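The next block holds one structure in the form of structure tokens; read it before the comments.
Below, read A as the first sequence line, B as the second, and so on, with proteins coming before strands; counting in each chain starts at 1. Predicted, not measured: the structure shown is a model, and the values here were computed from it.
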Amino acid sequence: MTANSEPVRPAAPRASRGARGFAPLAGNSQRAVLAVLVAAGIAGFAAALERGEAARAWQAYLVNLLFFLGVAQGGVVVAAAFYLTQARWAGAAAFRLAEAFSGFLPLGFLLFWGLYFGRTLIFPWVLHPVAQKAAWLNTPFLFARDGIGLLAMTLLSTWLVRVSRSRRARAWATDSSDIAMPPPAIRRLAPALALAFAAVYSLIAFDLVMSLAPVWHSTLFGAYFFAASFLSALAAMALTAVILRGRLGPANAFTMPKVLHDLGKLVFAFSVFWIYLLFAQYIVIWYGDIPVETFFIVQRVYYAPWAPLSYAAVILIFVVPFVVLLGARPKRTPPILGAVAAGVLAGIWLERYVLVVPSLSQHVVPFGWIELLISLGFLGGFVLCVITGLNMAAAAARWELPAEGH
Amino acid sequence: MSGTVEIIATFAGEEQCVGGIEALRAARAEDFHVFAPIPSEHIEKAIGRRRSPVRAFVLIGGILGVLTGLAITIGTSREWNMVAGGKPIISWPPFIIICFELMILFGGIAAVLSFLLSAQVPAFESLPGYSSRFCGDRFGVAVRCEETEAQKIESILGVAGAEEVRRAQAQPSAAIVDLRDG
Amino acid sequence: MAAAAPEIAAPTFSDVDRSVLRVMQAPGVLYWVWIAFCFTLVAIGAGFWTRQIYTGMGVTGLRQPVMWAVYITNFVFWVGIAHSGTLISAILFLFRTRWRTAVYRAAETMTLFAVLTAGLFPLIHLGRTWFFYWLLPYPNERYLQPNFRSPLVWDAFAVSTYLTISALFLFMGLVPDVASAREQAHGWRRAFYAILALGWQGTDRQWRHYSMAYLLMAGLATPLVISVHSVVSWDFAMAQLPGWHSTIFAPYFVAGAIFSGVAMVITLLVPMRKLWGLEDLLTPWHFDNLAKVVLLTSLVVTYSYATESFMVWYAGDPVEQMTFHMRYFGPWGWMFWMMVLCNCVIPLLLFSPRIRINLAVLWIISIFVNIGMWTERFVIIAGSQSTNFEPSQWAFYRPSITEIMITAGSFAWFLGLFSLFARFLPIISMTELKEGITWLRQALRKDYAKAA
Amino acid sequence: MSDAFSRRSFLKLAAAAGAGAALAGCRPAARKLIPYVVPDENVIPGVAQFYATTCAECPAGCGVIARVREGRVVKLEGNPADPVGQGAICARGQAALQGLYNPDRLASPQLRGDGAALANISWEQALKMLNERLAAAARGGKDRVAFLGAPGGPTFEKIVRAWLGVHDSTRAVFYEALATEPARAAAQQLFGRRDLPVYRLDQAEVLISFGADFLETWQSPVELARQYAEFRTPRRRRGSLDIGRAYYVGPRLGLTAARCDEWIAAAPGAQAQIAWSVLHVMIAERWISQNSHVDLPALTAMAAAHDPASVSARTGVPAETIRRMGEAFGKADGAVALAGTHDESATLAAYVLNAVTGNAGRTMVFLDGAPPEPATRAGEVEAALGAMHDGKVDVLLIAGGNPIFSMSATMDAAGAFQRVPFVVWCGGVPDESANMANLLLPAHHPLEAWRDTAPRAGVNGLGQPVMQPVFPSRAVGDILLASAHANAPAAAVVSWKTAAEAVKAAWLDLAPRAGGIDAEDFWTKAREEGGRFQDAKASAVKLDSAALKAPPAPAPPAELTLFAYPQIFLYDGRGADKSWLQEIPEPIAQIVWDSWAEIHPDTARQLRVAADELIELRTEHGIIEAPALISERVRPGVIAVPLGQGHRSFGRYASDRGANAWALLAPGALSIAVAAKPAGMSRALVSPLGKSDVMGRSIVEAMSIEELARGAAPAAEPLAPEPYEMYPPFPYPEHKWGMTIDTNACTGCSACVAACYAENNVPVVGREAVDQGRIRSWIRIERFFPEKHKEGRAPLAYLTPMLCQQCNHAPCEPVCPVFASHHTDEGLNAQIYNRCVGTRYCENNCPYKVRRFNWFPPEFPAPLDLQLNPDVTVRSGGVMEKCTFCVQRIQHAEIAARAESRAPRDGEIVPACAQACPARAISFGDMNDASSAMMRRRATNPGRGFRALEELNTQPAIVYLRDLYREKERT
């Protein structure tokens with residue numbers, strides 16, 4: 001192992017330079033494409049409002065916001081989790097990769113406020129208040145609490161990311177030969193972030209998803225929601241890793257089979273965890289047979305047009321990863337891992353869609369150019385925001401190879 | 001067995017042991033087995049045998065478990081079609097739970113059985129060259145070779161850092177703790 | 001592994017063997033007194049159970065509408081205790097956690113005996129115990145089969161699977177260790193260890209299959225342990241009863257189980273370490289990490305309490321709200337607040353690193369957690385039934401001597417079995433300590449103890 | 001019965017066999033079965049016979065039908081042919097069986113030695129001794145033999161008088177503690193006739209009860225409950241949908257008051273004054289009906305002293321309330337006033353009120369050919385006791401009535417009896433009076449003996465033995481006749497040898513001479529139908545102006561009054577030895593196995609008594625202690641104590657339980673000034689009830705008649721956004737059994753509960769077990785009181801039967817690990833006792849909490865076990881049980897129908913609860929058959945149906961019809 005850990009120490013300075021100079025994803029052409037996507041998205045949104053399709057536009061807006069916020073925030077929390085479990089199997093690269101998505105957080109925070117303008121079309125209870133829930137479901141309180149929550153998350157995340165990119169943290173991350181703990185700042189930040197994540201994203205789940213069907217409630221829903229966000233971040237990491245590995249030199253963290261293997265394991269494990277949380281809710285509601293709970297499921301799982309979509313989501317998020325990633329070899333095979341991860345991401349987007357939209361339009365699946373453009377717009381925006389971070393990840397993967405630990 | 005000898009090398013540490021093994025294999029001496037007090041992927045890599053078949057057994061066991069689960073749940077429910085609480089005769093959510101538990105049960109049992117089978121335990125006599133310390137703090141490599149080869153092998157092992165290299169014969173166990181009642 | 005040369009750093013492999021095997025030397029009188037004490041209590045509990053079977057469930061404090069109380073509380077409590085063992089030995093194994101090596105054997109042993117204890121209670125609480133086997137599918141001339149839609153049948157499957165797997169897992173882990181014990185033993189002990197060791201010699205072939213089997217067992221045990229307590233929680237969540245019917249129950253109970261389990265591990269390890277001089281194997285580092293797990297799960301449990309109460313308020317169902325009002329302020333309200341104190345407030349102390357490695361304080365906290373988690377189950381189980389849908393049928397439960405003595409017996413049964421195991425089989429895994437000896441060495445370094 | 005002897009020979013065996021079969025139940029070891037020795041043509045094993053007879057539990061004398069299996073009567077059901085009960089029967093009637101099978105019945109004649117110790121002697125010795133003593137007494141002179149007992153019907157009376165005649169005596173006392181004498185006296189005074197009117201509440205629009213608990217114990221509760229339900233049924237009255245308007249004036253809000261629109265809390269003495277005052281109002285407002293031909297001036301004079309203002313001042317009842325009652329009563333098209341027992345003044349007023357409003361002959365009817373007064377008048381009773389005091393009686397024969405228990409201390413019955421040298425007691429369970437006797441003779445239970453009843457004109461009930469004697473007892477009539485013949489062999493003074501002959505003779509006299517009907521056929525028909533039931537002609541009555549004297553000035557009200565009232569189940573105390581009646585909670589107080597002193601919070605505060613604290617009640621006649629029940633359902637300044645408990649000796653169930661309020665009373669009165677103080681100790685009253693507050697849950701629901709008339713039924717909003725159904729529908733190809741329960745008709749009388757105990761072998765657990773929450777009744781009366789803020793917008797109390805709802809999506813079923821609880825293809829929620837392992841999970845999940853667990857193996861002390869219904873398993877310890885909709889009856893009917901290859905007809909299947917219900921509140925039928933009476937009842941009551949806890953989507957098979965109340969016009 002000493003043999004393996006040799007290159008790391010002297011590599012550190014080069015790495016820092018690399019982080020500035022070495023940028024495999026910074027091509028102007030790519031940025032241009034992304035910019036176009038963003039533009040298209042905005043245009044699509046505007047057009048929708050223009051044509052009186054505002055409701056659909058806002059639904060698509062909400063779905064994408066939930067999805068990309070989930071990925072971005074989930075990423076940082078993954079990093080935090082790595083710190084808490086002292087997971088140094090991929091050296092600094094894993095941390096950089098996880099943190100990369102945090103670039104979207106500020107934008108996401110702004111976009112959240114956008115909901116304010118669509119509130120009448122998104123939240124049924126704005127126009128028809130629910131008497132006994134008015135204390136909780138009212139516009140000012142909702143935007144206040146969620147706004148503050150998201151702000152706190154954004155600040156905490158940025159802070160953690162900054163600390164985590166510090167030299168000391170990088171040194172700790174690349175050498176797993178001891179049982180020392182991460183630098184003190186991180187030791188305090190990581191748990192704080194994790195806790196805040198649980199709290200704030202439960203709120204988001206209750207307010208931005210559950211409250212769309214004001215009669216319905218499920219205690220596990222918050223945890224389920226943020227666990228799914230966590231999974232989406234892991235999938236995004238796996239996908240990015242697979243994309244990056246080709247674009248870097250021959251020897252980088254992502255070409256190490258062990259690293260892909262571990263990413264694959266994580267995706268596998270958390271997709272199983274996701275289905276567990278889903279099942280835990282489903283069986284309780286199915287068995288309990290209490291109408292105010294069942295209707296939400298029945299709408300989505302028993303009747304067209306939503307049933308097929310729900311099944312598709314489950315297949316993409318659970319069935320495929322479970323079957324495919326069961327063995328060790330597929331996990332180590334980049335194309336397979338990449339494809340599965342992409343599937344999971346698509347699945348989670350779909351899942352958000354199925355959670356949100358039926359509450360607002362029970363009988364038709366609104367999907368057309370509006371949804372498409374808006375989603376592409378979000379995608380473009382997201383990638384634009386995270387490119388810098390991804391470059392850092394690439395650099396780390398290239399220059400800060402993990403030490404061979406146990 | 002005339003002409004073949006058993007050479008046992010004792011190593012103090014994992015690395016040395018790995019070194020010894022690599023040296024042996026470099027010298028085309030493949031007829032050896034290794035004693036170790038701990039599981040070591042390095043040693044395993046050095047010996048370079050194919051991965052254990054246990055995985056396959058467990059997979060089969062798991063699948064069998066699921067099938068059994070489906071059989072008993074669906075089978076018995078269909079037997080009498082007893083309605084309870086208006087729930088469907090074939091109630092998937094509960095049945096999934098049963099299938100899951102049986103998958104784990106069968107998988108686990110398969111794991112143990114296949115381990116016993118493929119590792120050939122219980123073993124009733126010890127392999128040549130076994131020394132009690134190999135369950136304590138020493139690594140060992142036992143090579144069977146032609147008498148003529150013996151010298152060479154011994155030197156290889158010596159170079160690789162063996163504490164001691166000897167021809168097979170019994171060795172008294174050194175008790176560190178005396179475990180007897182009364 | 002740079003530092004693997006034995007003459008360099010302590011402890012060496014043989015140091016490890018020595019310290020562990022020392023525990024297994026012939027025990028003294030005090031030990032046998034303790035064992036006798038435990039099994040006397042067990043006998044008393046058994047006596048009360050016999051009486052209950054003979055005269056009828058009426059000897060318990062159970063009543064309309066509280067059909068389940070202390071027995072099921074004990075069942076859930078013990079199953080919960082069991083969980084940490086599998087968590088430490090399986091889940092942390094998969095995560096390649098370094099500090100588990102010293103503690104996992106004890107935890108796993110605890111698991112086995114906790115499940116054995118838990119398994120008694122479903123039998124004890126049956127009105128017609130002698131027909132317990134009707135819960136299992138077995139061929140019979142009338143084609144009568146259990147109702148697979150019933151959570152109790154899920155329990156039967158989950159718990160028996162859990163018992164089997166954790167027993168197999170434990171004994172597999174034991175094999176290399178008893179092998180080295182065998183090498184040191186004489187007389188009947190040698191025979192005993194020899195049998196358990198299955199003729200283990202640590203050959204590469206044995207290790208190759210062993211590691212794979214062990215890894216896969218861990219892989220199976222991980223989802224199993226989560227499923228078991230989920231199933232247990234569903235005994236309640238499946239009902240429509242306010243206070244029981246809640247989707248969060250599964251993960252919430254799993255977290256609670258690990259919470260109480262790890263606490264119980266600490267409760268057992270701290271005195272063990274002192275009594276049997278294991279200071280050089282069980283270091284502050286280990287306890288620091290155990291404490292972190294307790295803290296984490298405590299936070300999860302707190303989150304669950306909070307969400308549950310919030311959702312009751314948010315859902316605005318007066319029936320549920322009344323039930324929770326009674327849970328907070330009813331006749332048993334004090335239990336609820338005690339539970340909050342023990343499970344949510346006191347564990348917050350563990351945020352301080354100094355407390356985490358102050359074993360005395362840590363031990364006391366762990367006991368509070370155990371009390372708190374028992375209380376939690378009682379509050380949920382008995383309390384919710386008392387304040388059911390039917391106001392005319394409200395009533396509150398008081399345990400009778402029968403339940404109290406049987407509960408005491410169950411604790412004695414658990415401690416007795418554990419104590420027996422601990423002195424006759426390696427209660428700490430020598431093999432894995434050796435494997436991760438580097439981490440142990442680092443942990444033993446003074447500066448770490450300070451840092452932690 | 002001609003074949004009586006061949007029956008006798010095997011029935012004893014049969015009884016044992018049947019009992020064995022029933023008891024074997026699902027216990028591990030079956031009992032030894034005894035084969036039939038002599039097969040009997042009348043008895044087919046497993047097939048029930050039904051014998052018509054009459055109920056002797058109270059003076060109402062309802063006809064009943066005894067269901068007899070293998071020679072054991074296992075259930076009493078109402079006799080549809082009988083115009084009084086019309087097929088219904090009350091809880092006390094059901095419990096008659098427990099009197100029959102009471103384990104503490106005297107098992108042999110006993111003689112009291114010198115040391116007051118009792119020794120068993122043979123019947124021969126006993127009768128010899130009796131006859132000798134009687135002969136001696138007769139020789140001693142005239143009237144030295146006395147009879148004191150409960151009225152036993154006309155023939156019995158004849159026998160008694162004949163017997164006395166033989167012994168040259170006329171001292172016959174037929175004693176009823178709760179006498180109808182005041183009512184008769186009132187009738188005498190006003191109408192010059194001494195009989196009791198019958199009431200037609202259903203003919204009335206307005207009802208005022210001045211303390212008459214007509215739904216509990218007053219006169220003929222079964223009949224009146226039925227009529228009252230009719231009275232309260234919403235009907236078009238004067239164009240708009242309306243229910244009868246009922247006021248209750250009295251000191252306590254009992255069951256009867258709770259079912260009325262308004263409870264006017266009046267002190268015991270005050271009911272009469274208020275009644276008079278109501279009359280005053282009507283005179284003042286000229287609401288006197290012309291055709292009543294009443295002497296108006298006399299009438300005016302009569303009520304002069306009772307203008308509302310002054311009465312209000314005296315009684316504390318608002319004058320406005322009195323006027324309101326008066327107006328309602330006067331304007332009503334058909335009204336009726338009732339007055340409580342032992343309240344002559346109120347009865348007078350009530351009669352006058354009915355008469356002057358032209359309701360005599362309409363809602364209150366006097367019939368021609370009324371039977372003579374069954375009970376002896378108080379005066380004569382006193383005289384007889386006086387004679388005993390003066391040592392003028394040598395032999396006293398006590399047969400029932402238990403005078404020692406219920407007679408006022410002033411009568412000093414004990415003292416009188418002690419002065420009688422030889423006291424003979426005949427009866428079942430030895431009671432306080434038996435303690436005074438030298439010779440105790442086990443007497444037949446009415447169900448074992450021949451007798452007849454004449455409760456009213458046109459109704460002649462025939463009581464025939466429905467099974468062989470359980471104990472070596474004899475009919476009192478037979479004993480008397482035997483001794484009569486023994487002591488007067490030559491003279492053929494008495495034409496009949498046995499009571500049976502006497503009864504038959506009496507009936508042959510009844511046989512119509514004309515029409516060529518053969519007397520024997522008539523006799524047979526009577527035995528089949530249980531009597532002769534004819535319409536009696538109503539006779540016109542006119543107020544005798546001379547009788548319209550102003551009532552005596554009321555005594556000044558005491559500042560603390562004791563009000564004793566017959567408890568609905570224990571009546572005057574005769575019910576106390578029946579464990580069902582002890583264990584069924586008193587519907588309003590919901591208390592079991594005890595008596596209590598109900599006291600208003602204010603009064604309690606003044607007396608400084610806390611709940612459950614024993615209050616010492618002292619009057620000039622005696623002292624008792626009873627635990628305080630603090631409630632606002634009693635008027636301040638009044639302490640209400642139920643009668644019936646406090647037996648010193650009356651079998652294991654009654655002895656040393658509660659307090660005997662009779663001991664405090666003066667003769668002929670149920671209220672008296674009392675001194676009360678806390679006794680320092682307390683005794684917790686035991687009740688199976690948890691909370692009295694329904695917390696707005698949809699377990700009981702009510703709506704105002706105004707709403708109903710307006711058609712403003714509470715909107716049934718969907719349980720959740722559709723669709724929400726997660727399970728596939730299951731077809732119920734043949735039947736889907738269901739029930740409709742009209743909570744507006746239900747009076748809470750608990751007859752259904754008793755019927756269920758009897759039909760389904762539900763064991764009694766006793767006071768302590770009830771306290772531990774182990775009561776076992778399958779059906780219970782839910783009793784809730786409206787929240788304070790709802791007062792005036794809710795009934796005075798919610799009362800509704802709660803039993804297994806037989807849910808379509810039953811939460812109890814899926815959780816049973818062994819399918820012990822599952823759903824049948826006839827929609828029943830089945831419980832298989834033999835499969836149950838006792839996880840009790842089902843009860844956890846039952847939202848209605850109607851399942852019951854066998855905490856211990858059940859106990860039926862012999863010979864109570866003979867009552868067990870062979871068609872229903874006796875559940876063993878450790879299993880769960882619950883209401884089955886009387887599946888055994890469903891099966892029976894279905895098998896019968898299949899035998900005739902047809903479907904069961906609607907109404908063929910009647911569960912025990914529905915069958916017993918006097919108010920006809922419960923109807924049972926097939927939900928697949930929209931034309932079934934049960935379904936029509938749902939259909940014809942739009943807007944009133946609701947299912948309990950519907951929001952849980954359990955889809956109960958029981959639909960309740962909302963209770964109806966009247967929006968109060970409060971003063």
Side-chain angles (χ1 to χ4, degrees), chain B residues 12-15 33-39 43-44 47 49 51-52 54-55 58 72-73 76-77 79-80 82 84 87 91 94-95 97-98 100-102 104-105 107-109 111-112 114-115 118-124 126-127 130 132 134-137 173 175-182, chain C residues 1 4-6 12-14 17-18 21-22 24-26 137 143 145-149 153-154 157-158 161 164-165 168 172 175-176 179-189 198-213 216-217 220-221 223-224 227 231 431 434-435:
Chain B
E14 196 183 7
E15 280 68 24
H33 53 265
V34 180
F35 300 98
I38 59 167
I43 295 180
E44 225 176 289
I47 300 171
R49 299 250 165 73
R51 296 192 72 182
S52 159
V54 170
R55 285 185 306 160
V58 173
I72 61 169
T73 50
T76 59
S77 306
E79 184 72 43
W80 268 16
M82 211 126 50
K87 297 188 167 36
S91 301
F95 293 1
I97 296 174
I98 302 291
F100 173 83
E101 299 297 344
L102 288 179
I104 301 290
L105 183 61
I109 293 171
V112 174
S114 56
F115 155 66
S118 38
Q120 290 181 352
V121 284
F124 295 102
S126 54
L127 266 69
Y130 171 73
S132 67
F134 294 154
C135 280
D137 60 351
S173 82
I176 18 177
V177 181
D178 187 5
L179 283 185
R180 65 177 83 220
D181 290 275
Chain C
M1 271 297 164
T12 63
F13 280 14
S14 31
D17 286 350
R18 195 172 295 105
L21 292 173
R22 207 174 45 226
M24 294 160 61
Q25 280 165 312
Y143 300 105
Q145 294 296 345
N147 170 11
F148 290 102
R149 303 179 202 116
V153 174
W154 313 343
F157 278 74
T161 304
T164 321
I165 297 294
L168 291 174
M172 252 188 92
V175 166
S180 40
R182 174 192 62 202
E183 303 305 341
Q184 316 299 338
H186 305 273
W188 69 266
R189 275 188 186 238
L198 306 169
W200 180 266
Q201 300 155 46
T203 64
D204 54 288
R205 175 194 195 115
Q206 288 173 332
W207 276 124
R208 195 164 95 251
H209 301 296
Y210 178 88
S211 323
M212 176 56 71
L216 293 174
M217 288 285 279
L220 290 169
L224 173 64
S227 82
V231 165
T431 316
K434 294 178 201 163
E435 194 183 353

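In this structure, K87(B) and R149(C) approach most closely via the heavy-atom pair CB-CD, 4.1 Å. Between M212(C) and V54(B), the shortest heavy-atom distance links the atoms CG-CB, 3.8 Å.
Contact count against chain B (heavy-atom pairs under 4.5 Å) is highest for P223(C) among P223(C), A179(C), P137(C), S211(C). Among Q206(C), R205(C), Q201(C), Q145(C), the residue making the largest number of heavy-atom pairs under 4.5 Å with chain B is Q201(C). In terms of heavy-atom pairs under 4.5 angstrom with chain C, the leader among S118(B), A84(B), S77(B) is S118(B).
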* Test C135(B) against R182(C) for side-chain contact (heavy atoms from CB on, under 4.5 Å), laying out the working first. => CA-CA 9 Å; C135(B) 280; R182(C) 174 192 62 202; 4.1 Å; yes
* Asked: Run the side-chain contact (heavy atoms from CB on, under 4.5 Å) check on E101(B) and V231(C) step by step: do they pass?
  -> CA-CA 10 Å; E101(B) 299 297 344; V231(C) 165; 4.1 Å; yes
* **Test log, rule side-chain contact (heavy atoms from CB on, under 4.5 Å), inputs V112(B) and M217(C)** => CA-CA 8 Å; V112(B) 174; M217(C) 288 285 279; 4.0 Å; yes
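Heavy atoms closer than 4.5 Å to chain C are found nowhere in F124(B), neither backbone nor side chain. Of the two parts of L216(C), only the side chain, counted from C-beta on, holds a non-hydrogen atom closer than 4.5 Å to a non-hydrogen atom of chain B. Only the side chain of I97(B) comes within less than 4.5 Å of a heavy atom in chain C; its backbone stays farther off. Residue T431(C) touches chain B through both its backbone and its side chain, counting heavy-atom pairs closer than 4.5 Å. In this structure, the portion of M172(C) lying under 4.5 Å from any heavy atom of chain B is its side chain and not its backbone.
Side-chain atoms of D204(C) come within 3.5 Å of backbone atoms of V34(B) as a donor-acceptor pair (strictly under, hydrogens ignored).
Y210(C) and F115(B) have perpendicular rings, their planes meeting at more than 60° on a 0 to 90° scale where under 30° would count as parallel.
Applying the side chain to side chain contact (heavy atoms under 4.5 Å, CB included) rule to L198(C) yields the partners L116(B), V121(B), P122(B), V175(C); only residues at least two apart in sequence or on another chain are considered. With sequence neighbours left out, the side chain to side chain contact (heavy atoms under 4.5 Å, CB included) criterion links I98(B) to I72(B), T73(B), L102(B), F148(C), V153(C), W154(C), F157(C).
Between L220(C) and V58(B) there is a side-chain heavy-atom pair separated by less than 4.5 Å.
Separation of atoms CD (Q184(C)) and OG (S132(B)) is listed at 6.5 Å; rounding is to 0.5 Å. If you take CH2 on W207(C) and CD1 on I43(B), they are separated by 10.0 Å, rounding to the nearest 0.5 Å.
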